[in-house]
Amino acid sequence: MKKRTYQTKHIVGAFLTGAMLFSGFSFAAVSASDSFNSAGQTTEKVSFYVNGEDRSTEDVYENHGIAAPASIVQYGTTYVPVRMVAEMMGTPVFWDQSTRSVSIGTPSVKLFNTSGEPTGSATLEQVNDGVKVKISASGLTPGKHGFHVHENPIESNDFKSAGAHFNPMNKQHGLQNPKGSHVGDMPNLIVEKDGTVEAELIIKHATLEKDQTNSLLGRSLIIHEGEDDEKSDPAGNSGDRIMGGNIPK
Ligand SMILES: [Cu+2]
Ligand SMILES: [Zn+2]
């Protein structure tokens, strides 16, 4: 853990020593136009995660007369060129436009329900045999719930926009289907009596590398109302989509 903190400080140090020159990437363009405001008015919130830890705040940070949301401030400086610098130092940085979330290190997923209320989070990590998903959520009914990676991000809180299960190998649905399974298929989540779930799952045949056909970046996680039977094509009869979040890219 100490090593990770040290690395983040280095990234910010690199920023302080002149990384402002590197601003020609898309996140900088987005935040420069609508997050900074010289009149000091409230700006649109950006969520900010470092290795799965939520570092977002509601405060506004004063930077030489320019107001920036504290959620894009790290160790007393603004976030803007961190992506470029971090990647030069071998630390991946991810951005999800629809939820305005930045992740440094581990991609973090903000989960929300159909009303758009926050309900938990998930982190993704590359491991030897695929991608490990760690999820923590609340506000679900006890029992089993289908849980998948869907092919598209959720747009404007419309869970249908997530499309079908992520299926780059053109197979059928279900971990128990002889003609399966989708890369995005996972075992059911088992929710406790108090409506919470904490789980760790592996998605085999998936990667977090950019530009790979089996990459999970830019897709979404979806939790369903009912149990996934793990064999009925195309979605395991798991009912409505009730909770989800976007995987940054
Ligand atoms: Cu699903
Ligand atoms: Zn499926």
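Given the structure is predicted, the values throughout are model-derived calculations rather than measurements. Counting starts at 1 for both ligands and their atoms, following the listed order.
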(message) Under 6.0 Å between ring centres: does that hold for His145 and His224?
(response)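 Ring-ring flag for His145/His224: false, centres at least 6.0 Å apart.
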
[X]: its N/O/S atom lying closest to the Zn ion (ligand 2) (atom name):
X	value
His182	ND1
His165	ND1
Asp185	OD1

(message) Connecting only ILVMFWY residues whose side-chain heavy atoms lie within less than 4.5 Å of each other, what is the rest of Ile202's hydrophobic cluster?
(response)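 Traced through the cluster, Ile202 reaches Val127.
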
(request) Decide yes or no for Asp185 and Lys171: does some side-chain heavy atom of the first lie under 4.5 Å from some side-chain heavy atom of the second? (result)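 They are not in contact (no side-chain heavy atoms under 4.5 Å apart), so the answer is no.
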
(message) Tell me which one of Val149, Leu201, Asn214, Leu208 satisfies side chain to side chain contact (heavy atoms under 4.5 Å, CB included) with Val131.
(response)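 Single pass found, and it is Leu208.
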
(request) Please state whether the separation between the Zn ion (ligand 2) and some N/O/S atom of His173 is under 2.8 Å? (result)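 So His173 counts as coordinating the Zn ion (ligand 2), yes.
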
(message) Under 2.8 Å from the Zn ion (ligand 2) - does any N, O or S atom of Asp228 fall there?
(response)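 So Asp228 does not bind the Zn ion (ligand 2) by this criterion.
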
(request) Indicate whether the side chain of Ser161 and that of Asp158 have a donor and an acceptor atom separated by less than 3.5 Å. (result)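 Their side chains do not contain a donor-acceptor pair, so the 3.5 Å distance test is not met.
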
(request) Would you kindly say whether Ser215 and Glu209 are connected by a side-chain donor-acceptor distance under 3.5 Å? (result)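 Glu209 and Ser215 do not have a side-chain donor-acceptor pair below 3.5 Å.
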
(message) Does the plane of the ring in His148 sit parallel, tilted or perpendicular to the ring in His165? Use 30° and 60° as the thresholds.
(response)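 Because their plane-to-plane angle lies in the 30° to 60° range, the rings of His148 and His165 count as tilted.
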
(message) Suppose the cut-off is 2.8 Å; which protein N/O/S atoms would you list for the Cu ion (ligand 1)?
(response)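 The answer, once waters are left aside, is His148 ND1, His150 NE2, His224 NE2.
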
(request) Could you please spell out the steps behind the side chain to side chain contact (heavy atoms under 4.5 Å, CB included) verdict for Ile223 and Leu221? (result) CA-CA 7 Å; Ile223 302 171; Leu221 297 175; over 6 Å; no

